[in-house]
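Single-structure report; data block below.
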Amino acid sequence: MAPIYIMALITIAASTLLWGGLLYALSGQQRRYLWLLLPGLPLSAAVNLLIKRPVATLVGNWAHIPVGLGLAGTPVWFLVFLFLLAPVFEEAIKITPLLLPPVRRLLTDRAGALWTGLGLGVSFGLGEAAYLAYGVAQSPAYLGLPWYAFTGYLSERLVVCFVHGVMTAVVVTGLYRGRVHILWGYLGGVALHALANAGAMLYQLGWLSLALTQMSLLVTLIVDVFVLEALRRRARQEASPATATEVVYFEREEDEQEAVSSEQGAVTSEQEAVSRKEEQ
Amino acid sequence: MNPLIFKPRPSWGWVWLLGLALLILALAVWPLAVAGNALPWWGWALNLGVGLLIGLPGLALMAWFPTLHYELDATTLTLRYGPVLTYRIPLAQIRSIRRRDLAISLWSSLRLPGLALFSVPYADVGTVKMCATAAARGILLLETIAGEKYGLTPADEAGLVAALQERMGESTSQRSNESANQ
């Protein structure tokens with residue numbers, strides 16, 4: 001067995017616990033969203049093998065761009081095209097489980113759309129971690145390394161699983177809102193995806209150092225945390241306040257509060273008067 | 001009058017603290033052990049800094065977990081966690097006492113499953129000064145007239161609320177008597 005598979009197992013288990021736990025906690029401990037961690041698992045392999053690769057080959061052949069030309073000889077438009085392949089196609093395929101009625105039924109409100117999107121995106125990220133591990137395992141250069149040498153894979157994939165979740169949450173929220181929001185939601189997801197991939201792309205072009213590339217992932221993570229918070233806040237504003245269960249044991253009357261406040265004011269004035277007298 | 005002591009609800013919060021502290025220490029030490037000589041000086045400094053600044057305080061907080069308790073005397077409710085956290089709430093300042101579930105947000109200071117300490121931002125009620133063995137469920141929320149909120153999780157919730165109400169009544173009547181005498 002290739003050593004990276006051990007790290008892949010650790011990564012997928014840790015990501016499932018961490019992001020599944022976050023989904024469970026943020027959604028108000030609703031278990032019904034947890035099974036969404038399953039349907040996206042095969043989608044990364046599917047989109048890479050069945051869509052991205054054939055489309056890239058087709059367009060390359062059409063434009064007479066030979067394979068293995070290297071960055072220097074490849075036209076800029078084709079590089080941009082390759083860069084956009086992942087955001088455009090992956091954001092579309094990540095929401096295909098919504099074709100299943102049980103998944104679609106979870107879109108009861110804006111919050112439901114948010115947690116459904118987060119679950120589907122994390123699921124895609126978990127599948128992508130497995131697919132990438134498979135790709136690395138095919139390279140003889142990595143076979144001699146011990147499993148614990150792949151900590152970069154672990155940390156990157158942990159973050160990327162969450163980032164995939166947020167991107168899909170943006171897309172599914174737009175889809176739920178309907179009309180023009182469908183387009184904006186999709187473009188928002190694509191833009192976030194492009195932002196996440198930009199560091200790696202610039203590194204491959206030789207425009208960014210490895211340290212800055214890793215920093216760009218951190219920036220992406222921070223941006224996505226803000227985006228998720230904004231989506232969650234809007235979803236809460238739309239939710240019915242009657243859903244919160246509360247037991248009120250004690251509540252002071254307003255006039256009693258005013259009495260306490262004025263009493264404090266009186267004490268303060270008295271203290272000030274005493275201080276002034278002492279000063280005199 | 002001796003203060004009444006109330007213990008918190010039991011929880012596994014200390015296990016999370018221990019796990020998190022050990023994980024951070026391991027992540028800090030592991031690269032040093034694997035690639036120590038290849039790391040630049042700032043790599044050593046960063047790893048050891050993060051390990052010591054987060055891992056060790058985490059272990060210390062875990063050790064103080066059994067000290068979490070609430071003290072109620074004639075005029076004040078005090079929430080304590082080791083030597084690092086003491087919140088004093090004058091009974092006369094309490095505006096409301098309610099039990100509710102809080103909605104967590106992604107922002108957090110120290111909030112883990114089974115433990116919430118210090119000022120923690122929540123999505124629905126804003127920032128709450130927590131000294132509790134739960135992150136969000138079944139929190140006894142005390143709000144003061146000044147608008148500050150405190151979150152606690154007493155094991156004997158009914159007992160604490162009854163004692164609080166009794167003493168708050170005494171404190172109110174005492175205040176009324178003082179006003180009348182003036």
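FYI, side chains are in, hydrogens and waters are out, and symmetry mates aren't considered; it's all heavy atoms of this structure. Order of the sequence lines sets the chain letters (A, B, ...), proteins ahead of strands, with each chain counted from 1.
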Does a sphere of radius 6.0 Å around CH2 in B/W64 hold more than 12 heavy atoms from other residues, nucleotides or ligands, not counting ones at 6.0 Å or beyond? yes
Rounded to the nearest 0.5 Å, what's the gap from CZ on A/F250 to CG on B/L164? Could you check? 9.5 Å
Under a 4.5 Å heavy-atom cut-off, does chain B meet the side chain of A/S155, its backbone, both or neither? neither
How many angstroms lie between atom CD of A/E251 and atom CZ of B/R95, to the nearest 0.5 angstrom? 7.5 Å
So does A/Y249 have more than 12 non-hydrogen atoms from other groups sitting under 6.0 Å from OH? yes
Atom of A/V248, atom of B/R98 and distance for their closest heavy-atom approach: CA-CB, 4.0 Å
Most heavy-atom pairs under 4.5 Å with chain B, out of A/L22, A/L26, A/V247, A/L228, belong to A/V247
For B/L140, is it the side chain, the backbone, both, or neither that has a heavy atom closer than 4.5 Å to a heavy atom of chain A? side chain
Is A/R110 atom CZ crowded by more than 12 heavy atoms from other residues, nucleotides or ligands, each under 6.0 Å away? yes
Is atom OH of A/Y5 surrounded by more than 12 heavy atoms (other residues, nucleotides or ligands) closer than 6.0 Å? yes
Can you tell me if A/W35 has over 12 outside heavy atoms packed within less than 6.0 Å of its CH2? yes
Between A/R252 and B/I145, does a side-chain contact (heavy atoms from CB on, under 4.5 Å) hold up when you go through it step by step? CA-CA 9 Å; A/R252 205 183 282 276; B/I145 291 166; 4.1 Å; yes
Flag if over 12 foreign heavy atoms under 6.0 Å of CZ, A/R32: yes
